[in-house]
Amino acid sequence: GAGVSQSPSNKVTEKGKDVELRCDPISGHTALYWYRQSLGQGLEFLIYFQGNSAPDKSGLPSDRFSAERTGGSVSTLTIQRTQQEDSAVYLCASSLGPLSYEQYFGPGTRLTVT
Amino acid sequence: AQSVTQLGSHVSVSEGALVLLRCNYSSSVPPYLFWYVQYPNQGLQLLLKYTTGATLVKGINGFEAEFKKSETSFHLTKPSAHMSDAAEYFCAVSLNTGNQFYFGTGTSLTVIP
């Protein structure tokens, strides 16, 4: 079946612009995660959605970052007024449930802020 | 605070040699432990995981890892390296008291022919 998909695969934007990154999780997966992977760094947790519960936003680095998940499926990560330090690969993952369940990762969106 | 430490950002082994990738974690509660692999230009995929039960877990491609609570470790091993094992390996921890997964900074494995 189809895996996790993300779009766009690459995004180049100018400093100060807003960007939207999209994630389509695997159908039926209730949990969805966003991570950021900077060069030479591990994965940095950003936000977590589980079913209809309020998302865990504790990993968002600033109020310029926000995310939503519509209808318990597709998720959009929005970065407002982008800065050069936002340049990274943004990864989305979904799973059947939290914590002990395997996460299935998308291919990521490479964001470059010039 | 929880953390995951992967000793050695780069590891090189000869083809056929033992692979040992180290992972230590800090946690005040029993963790769930994972190893993920990222092949060049591909997404992360699960190698193996420990949740409960037997502390030695076997994963795909001949890899295995042992949860040692006394050492707070979950090292990844493979008896004989293959060229196709060259990739980035990430150790991750999750706790049943929260929602987050904590990933290490990764270890890049090079296999020398």
Side-chain angles (χ1 to χ4, degrees), chain A residues 2-7 9-10 23-26 29-61 67 69 88-110, chain B residues 1-10 21-27 29-53 57 59-60 65 67 74 87-108:
Chain A
V4 178
S5 61
Q6 293 185 245
S7 60
S9 55
N10 281 283
C23 172
D24 285 84
I26 294 173
H29 280 193
T30 60
L32 187 148
Y33 302 79
W34 282 99
Y35 296 92
R36 179 168 68 177
Q37 185 178 22
S38 303
L39 189 63
Q41 303 293 315
L43 277 69
E44 175 189 7
F45 166 80
L46 296 178
I47 188 168
Y48 162 72
F49 296 89
Q50 171 58 42
N52 296 319
S53 301
D56 180 345
K57 304 179 181 180
S58 59
L60 295 178
R69 188 179 185 191
V89 176
Y90 289 82
L91 295 170
C92 174
S94 70
S95 70
L96 281 169
L99 303 176
S100 66
Y101 289 86
E102 174 181 358
Q103 292 182 52
Y104 294 81
F105 283 83
T109 294
R110 182 175 298 279
Chain B
Q2 280 61 240
S3 69
V4 180
T5 302
Q6 291 184 241
L7 289 176
S9 58
H10 298 275
L21 305 182
R22 299 178 185 274
C23 174
N24 288 85
Y25 66 91
S26 64
S27 172
V29 298
Y32 300 125
L33 299 158
F34 305 79
W35 276 98
Y36 284 85
V37 60
Q38 186 174 31
Y39 296 105
N41 301 314
Q42 294 186 32
L44 278 81
Q45 62 182 88
L46 183 70
L47 263 182
L48 48 80
K49 69 176 182 180
Y50 167 81
T51 53
T52 60
V57 293
I60 61 173
F67 168 50
F74 192 57
E88 188 88 14
Y89 292 80
F90 293 92
C91 181
V93 173
S94 69
L95 306 174
N96 60 12
T97 57
N99 299 320
Q100 293 194 23
F101 279 76
Y102 301 88
F103 280 82
T105 52
T107 296
S108 177

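Source: prediction; values computed, not measured.
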Checklist line | CD on A/Glu102 to CG on B/Leu47, rounded to 0.5 Å | finding: 10.0 Å
Item checked: Which residues share a side-chain hydrogen bond (donor to acceptor under 3.5 Å, both in side chains) with A/Trp34, sequence neighbours left out -> A/Ser75
Next item on the list: With a 4.5 angstrom heavy-atom cut-off, could you sort out which part of B/Tyr50 is near chain A: side chain, backbone, both or neither?
Entry: neither
Check: What are the two closest non-hydrogen atoms of A/Gln37 and B/Phe90, and how far apart are they?
Finding: NE2-CZ, 3.3 Å
Item checked: Side chain A/Tyr33, main chain B/Phe101, donor-acceptor under 3.5 Å -> no
Check: Measuring heavy-atom distances to chain A, does B/Gln38 have an atom under 4.5 Å in its side chain, in its backbone, in both, or in neither?
Finding: side chain
Notebook entry, point to check: What's the spacing between A/Phe105 CZ and B/Tyr36 OH if we round to 0.5 Å?
Noted result: 5.5 Å
Check: So do B/Phe34 and A/Gln103 actually touch side chain to side chain, heavy atoms under 4.5 Å?
Finding: no
Check: Can you say whether A/Tyr104 sits under 4.5 Å from chain B via the side chain, the backbone, both, or neither, judging by heavy atoms?
Finding: neither
